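Heads up, the thing below is written out as structure tokens.
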Amino acid sequence: MKALISIIFGIFLTLTQLLSSNYVILISFDGFRWDYLNRGLTPNIEKFAKNGVRALSLQPSYPSVTFPNHYTIVTGLYPQNHNIISNYIEDPYNNLTFTVRDTNAVRNPRWFLGEAIWETARRNGLITATFFWPGSELRPEYRRANYFVHYDSKFPFKSRIDSVLSWLKLPYNLRPKFITLYFDEPDEVGHDYGPNSAEVNKAIAQCDSLFGYLIEKIQKINLIDSVNIILVSDHGMTEVQKDKIINISEIIKNDSVRIHSYGYMAFLRGNKDSLEKAYSFLKKVERNFKIYRRSEIPKYYRYSQNPLISDFVIIPELGWSIVRSPEDYVYNIKGNHGYLPQWTDMHGIFVAGGPAFKKGLVVGTLRNVDIYPLLCKILRIEPKGNIDGDIERIEFILK
Ligand code: AMP
Ligand code: ZN
Ligand code: ZN
């Protein structure tokens, strides 16, 4: 009898191992616009997509910038709910600021609400790893992956892949089931030269060959049949021109209104009276932009329910930039993002393949908020409650 029980238990354990034996690698190419895949420069990604799932595009959440969207992808929450409402955040209540270049801020859990997938997975007993991702460096330890690396934009791209491979070569009981991998291109060249430049095309081709290198290496270690790869980007890119500039200081000539301009959006702060006056004036001259009281921001933008969003917000049309002075950074760039997700130029990519995915499936636009529940489903773990993502909108891409 004892022997029988132990055999049954043994079979049960093997089955559980088998059921959870698939790996997931979540890769992001920052600023890889949805249509960069249609330029004939990405043979490796296209070949992989043919054998898996490819979405027309991946719709970002507002604002379409790096930190808010990467953190949305791993939490299933809109930026207004996970609290990373931009790459630069002011907390006027506690007199604190968050910037992506501040190593203390990006490690400080007070900014990052919600639960990232690596935390959910760890809580469920899976080993996880992150080779860069916004929100991956938090203290305390349980909010990070088991293996993580502090962000360093100079870390060579190929070596990032080699590091991920060394994790996949670890003994089974130490090997991570979920891994992230992040590359800061083609965003950078997109800003410097614009989305239609030869430089961006070169970066697209470079991303594709990195992707090919990763696949080749996974094949070499015989894991290709058990690894699911999800390739995404956080947002797209659009051309910005010098004749599409709104100099807000020339419109609001009131020193008691403090303007924080992001280029693709602006926050107004100050005393209530001055703000109301500025609002009424701006409302009359609304052209190529819209001024909102926070409570008036259209609900479907999902950008009003967080007190760190200022009480008055200016949102320009696609490609228009809000500046405060002729020294503003937007005068020196040819491409930008951060605009509303309904502009297709802001859309990123979604390509996925591996044992969990259907083969040869081409689908319409997916939403980045739905990726967290998708990851949970593949990893066979229960997602955190109260998320914005919805598995029902995306699970049809799974087998
Ligand atoms: P954006 O201004 O939204 O285009 O942000 C892109 C920049 O974010 C890139 O230049 C990256 O170097 C930076 N970045 C991406 N991931 C991280 C990270 N985990 N920590 C700090 N900076 C990052
Ligand atoms: Zn980005
Ligand atoms: Zn960027």
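Counting convention: from 1, in listed order, for ligands and their atoms alike. All of these numbers come straight from a predicted model, not from anything done at the bench. The residues of the chain are indexed from 1 along the displayed sequence.
- Under the 3.5 Å distance criterion, with hydrogens and angles disregarded, a donor-acceptor pair is assigned to the side chains of Asp187 and His337.
- Heavy atoms only, all atoms of each residue included: Glu90 and His260 are closest at OE2-ND1, 4.2 Å.
- Side-chain contact, Glu239 with Asn196: a donor N or O sits under 3.5 Å from an acceptor N or O.
- In summary, an N, O or S atom of Thr66 is located under 2.8 Å from the Zn ion (ligand 2).
- Backbone or side-chain N, O or S atoms of His235 do not reach the Zn ion (ligand 3) at under 2.8 Å.
- What sits closest to atom 18 (C) of ligand 1 on the protein, heavy atoms only, is Tyr151 CG, 3.4 Å.
- Contact atoms of ligand 1 toward Val100: 21 (C), 22 (N) (distance under 4.0 Å to a heavy atom of the residue).
- In this structure, the protein non-hydrogen atom closest to atom 15 (C) of ligand 1 is Tyr182 OH, 3.0 Å.
- For the side chain to side chain contact (heavy atoms under 4.5 Å, CB included) criterion with Ile73, the lone passing option out of Leu374, Ile371, Leu375 is Ile371.
- For Arg101, no heavy-atom contact with ligand 1 is shorter than 4.0 Å.
- Taking any N or O of Glu188, backbone or side chain, at least one lies under 3.5 Å from an N or O belonging to ligand 1.
- The Zn ion (ligand 3) lies at 2.8 Å or more from every N, O or S atom belonging to Glu188.
- Geometrically, ligand 1 and Asn87 share a nitrogen or oxygen pair separated by less than 3.5 Å.
- Here Phe132 has no heavy atoms under 4.0 Å from ligand 1, in either its backbone or its side chain.
- In this structure, Phe29 has its ring center at least 6.0 angstrom away from the ring center of Tyr36.
- Restricting Asp187 to its N, O or S atoms, the one at the least distance from the Zn ion (ligand 3) is OD1.
- No other N/O/S atom of His337 lies as close to the Zn ion (ligand 3) as NE2 does.
- Of the protein's non-hydrogen atoms, the one nearest atom 17 (C) of ligand 1 is Phe67 CE1, 3.6 Å.
- Taking 2.8 Å as the threshold, Asp234 counts as a candidate ligand of the Zn ion (ligand 2), since one of its N, O or S atoms lies below it.
- For the residue pair Gln305 / Tyr78, no side-chain donor-acceptor distance below 3.5 Å is found, with atom types taken as modelled.
- Close N/O approach between Asp187 and ligand 1 is found [any backbone or side-chain N/O within under 3.5 Å].
- At a heavy-atom cutoff of 4.0 Å, ligand 1 is contacted by the side chain of His191 but not by its backbone.
- Tyr262 and Ser86 form a side-chain donor-acceptor contact under 3.5 Å, judged by distance and modelled atom types alone.
- Between Thr99 and Asp102, the side chains place no donor N or O within less than 3.5 Å of an acceptor N or O (distance only, hydrogens not considered).
- Looking at Asp30 and the Zn ion (ligand 2) together, the shortest N, O or S contact belongs to OD1.
- Ionic pairing of Arg160 and Asp184 is present here: one or more N-O contacts between side-chain nitrogen and carboxylate oxygen are shorter than 4.0 angstrom.
- You'll find the ring centres of His191 and Tyr193 outside the 6.0 Å limit.
- Per residue His191, closest N, O or S atom to the Zn ion (ligand 3): atom name NE2.
- In terms of polar-atom proximity, Thr66 is counted as a contact of ligand 1, with an N or O under 3.5 Å from an N or O of the ligand.
- Not close to ligand 1: Val106, with no non-hydrogen atom less than 4.0 angstrom away.
- For the residue pair Thr103 / His150, no side-chain donor-acceptor distance below 3.5 Å is found, with atom types taken as modelled.
- Side-chain contact annotation: Asn44 with Ser209, donor-acceptor N/O pair under 3.5 Å absent.
- Per-residue contacts place Pro134 under 4.0 angstrom from the following atoms of ligand 1 (heavy atoms of the residue considered): 16 (N), 19 (N).
- Of the listed residues (Ile84, Asn69, Thr72), just one forms a side chain to side chain contact (heavy atoms under 4.5 Å, CB included) with Pro79, and that residue is Thr72.
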